[in-house]
Amino acid sequence: MEYMPKDKTAVPPPTEYLPQHIGIIMDGNGRWAKARGLAREYGHRRGSEVFMDIARYCKKIGIRYLTVYAFSTENWRRPPEEVSGIMDLFREYLREAEEREQENAQKGLRIRYIGEREGLADDILELVDELERGSADKVRTTVNIAINYGGRNEILSACKRLAEQCARGERTPESLTEQDISDNLYTAGQPDPDLIIRPSGEFRLSNFLIWQAAYSEFIYSDILWPDYTEQDFDAALEEYAHRSRRFGGV
Ligand code: FPP
């Protein structure tokens, strides 16, 4: 049934019209900082606070999966102090998440890392592993944090794994299906994103969830990520609720 509009104030649409999985490309931190005469790192810090607010909000309103793009495999090309600033924010977040593991588990929040392990510092990998070991009994919201992530590389790794299975004679190339690729991505077992949000006026996917986003709805906006609010998020949910998804049908 079609979702009937209401005014544009900030209230999320009813649960049945909410996306199950939302991806967010957290963009515009650098410009936000520059506009204030601050170093880019301040933009990332504010951006990570906004991420935490939106993640909490997703749990509150019952979004089942949230995937945020925090650092791509290409982002290593940025100045070393900016890279280490982002890694420190990730570290801080993981430490805090680890301290709150019990509480998060009780509240049904699960945090997952998605990305290439190679290249990440050992202490970050340890924190990621500790977090992966903990599990909520009844997961309400899973937050995937994409760090050192690249969609093409993710697909390539899946293909290599399947090719190895074929080489060992466990599979035949003819038997391989799209589902086999999905099952070998970091997001295995999770629904594909229904909605991808990219703020800050950019109109690119930038190698984010490129396999999984085949049928995702896209919502772009001019707001820089550090300025993004629950109201902006609600407006995106509202717009999503009005779109009709046909998955190639009529
Ligand atoms: C893109 O904006 C943003 C990033 C490359 C980093 C995003 C990282 C965070 C929000 C913090 C990560 C921490 C946690 C806890 C997940 P940009 O720098 O490209 O902005 P610009 O386009 O304005 O230059």
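Since this is a predicted model, take the numbers as computed values, not measurements.
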With sequence neighbours left out, what residues match Pro79 under side chain to side chain contact (heavy atoms under 4.5 Å, CB included)? Glu81, Glu82
Linking directly or through intermediates, with side-chain heavy atoms under 4.5 Å: list the remaining ILVMFWY members grouped with Leu224, chain and number order. Trp32, Leu38, Tyr42
Taking only residues two or more places apart in sequence, or in another chain, which ones meet Arg152 in a salt bridge (charged side-chain N to carboxylate O under 4.0 Å, His left out)? none
Under the salt bridge (charged side-chain N to carboxylate O under 4.0 Å, His left out) rule, collect the residues that match up with Glu74, sequence neighbours excluded. none
Go through the structure and list residues passing salt bridge (charged side-chain N to carboxylate O under 4.0 Å, His left out) with Arg31, not counting sequence neighbours. Asp27, Glu202
Among residues at least two apart in sequence or on other chains, which ones pass side chain to side chain contact (heavy atoms under 4.5 Å, CB included) with Ser221? Pro199, Ile223, Tyr228
Residues joined to Tyr69 in its hydrophobic cluster, side chain to side chain under 4.5 Å directly or through other members, sorted by chain and number, are Ile25, Ile114, Tyr149, Ile155, Leu162, Leu176, Ile181, Leu185, Tyr186, Ile196, Phe203, Leu205, Phe208, Leu209, Ile210, Trp211, Phe218, Tyr220
Under the side chain to side chain contact (heavy atoms under 4.5 Å, CB included) test, which residues partner Asp123, sequence neighbours left out? Arg91, Arg95, Ala121
Just jot down the side-chain hydrogen bond (donor to acceptor under 3.5 Å, both in side chains) partners of Thr141, sequence neighbours excluded, or say none. none
Only counting residues at least two apart or in another chain, list the ones meeting side chain to side chain contact (heavy atoms under 4.5 Å, CB included) with Glu217. Leu195, Tyr240, Arg243, Arg245
Can you sort out the partners of Arg77 under side-chain hydrogen bond (donor to acceptor under 3.5 Å, both in side chains), two or more places apart, ordered by chain and number? none
Output all residues satisfying salt bridge (charged side-chain N to carboxylate O under 4.0 Å, His left out) with Arg46, sequence neighbours left out; order by chain, then residue number. Glu49
